[in-house]
S.K.: 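Handing you a structure now.
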Amino acid sequence: MPMVVAVGTFDLHFPEVHSLKEKRQVLRCLIDRVKAKFNASIAEVDDNDLWQKGRIGVAIVANDRTFVGQIAQKIDDILQDHDQVMMTDRFWDYV
């Protein structure tokens, strides 16, 4: 049986945030939402000490490439639709 893995990185900007504490609250909300809804692995992977910038990494594993692509698109939508976050860059790689 085939295994499909999608790995994504997202560069985020937090224009309304004024401290690391606020940034971490917004990120925690996004991360918890993605984990709960899609059972994906997601974490902040870079720019941890910058209060208006962040990078998160996401991994999805399934046995159907179409399904993985649909989940990746839904995760994109969640990250783009959050009112306190601007996505400045994103990249998905499929294995």
S.K.: When rounded to the nearest 0.5 angstrom, what is the spacing between CD in E16 and CG in D83?
M.R.: 8.5 Å
S.K.: Is it the case that one hydrophobic cluster holds both M3 and V95, taking links as side-chain heavy atoms less than 4.5 Å apart, direct or via other members?
M.R.: yes
S.K.: Within the structure provided, determine whether V58 and W92 are in side-chain contact (heavy-atom separation under 4.5 Å).
M.R.: yes
S.K.: Please check if F14 and V45 belong to a single hydrophobic cluster, counting links between Ile, Leu, Val, Met, Phe, Trp and Tyr side chain heavy atoms closer than 4.5 Å.
M.R.: no
S.K.: When hydrophobic residues are tied together by side-chain contacts of less than 4.5 Å, even through go-betweens, does Y94 share a cluster with V34?
M.R.: yes
S.K.: Give a yes or no on whether V17 and L50 share a hydrophobic cluster (residues Ile, Leu, Val, Met, Phe, Trp, Tyr; joining criterion: side-chain heavy atoms under 4.5 Å apart).
M.R.: no
S.K.: Would you say Q84 and C29 make side-chain contact, with heavy atoms under 4.5 Å?
M.R.: no
S.K.: May I ask you to decide if H13's main-chain N or O and Q52's side chain share a donor-acceptor pair within less than 3.5 Å?
M.R.: no
S.K.: If you round to the nearest 0.5 Å, how far is CG of D11 from CG of L79?
M.R.: 11.5 Å
S.K.: Which pair of non-hydrogen atoms, one from I31 and one from E44, has the smallest distance, and what is that distance?
M.R.: CD1-N, 4.1 Å
S.K.: Does D77 CG have over 12 foreign heavy atoms under 6.0 Å away?
M.R.: yes
S.K.: Would you say Q80 has more than 12 foreign heavy atoms packed within less than 6.0 Å of its CD?
M.R.: yes
S.K.: Between R90 and F10, what is the shortest heavy-atom contact and its length?
M.R.: CB-CD2, 3.5 Å
S.K.: On a heavy-atom basis, which atom in K74 and which in F38 lie closest, and how many Å separate them?
M.R.: CB-CZ, 3.5 Å
S.K.: Can you name the closest pair of heavy atoms from V68 and A6 and give their distance?
M.R.: CG1-CB, 3.3 Å
S.K.: For K23 and D47, work out which heavy atoms get closest and say how close.
M.R.: NZ-O, 2.6 Å
S.K.: Taking atom CG of D81 and atom CG of D76, what is their separation to the nearest 0.5 Å?
M.R.: 10.0 Å
S.K.: In the single-linkage hydrophobic clustering (I, L, V, M, F, W, Y; side-chain heavy atoms under 4.5 Å), do V26 and I56 co-cluster?
M.R.: yes
S.K.: Side chains of F67 and V4, heavy atoms from C-beta outward: is any pair under 4.5 Å?
M.R.: no
S.K.: Can you check side chain to side chain contact (heavy atoms under 4.5 Å, CB included) on L30 and I78, steps first, answer last?
M.R.: CA-CA 8 Å; L30 285 171; I78 285 176; 4.3 Å; yes
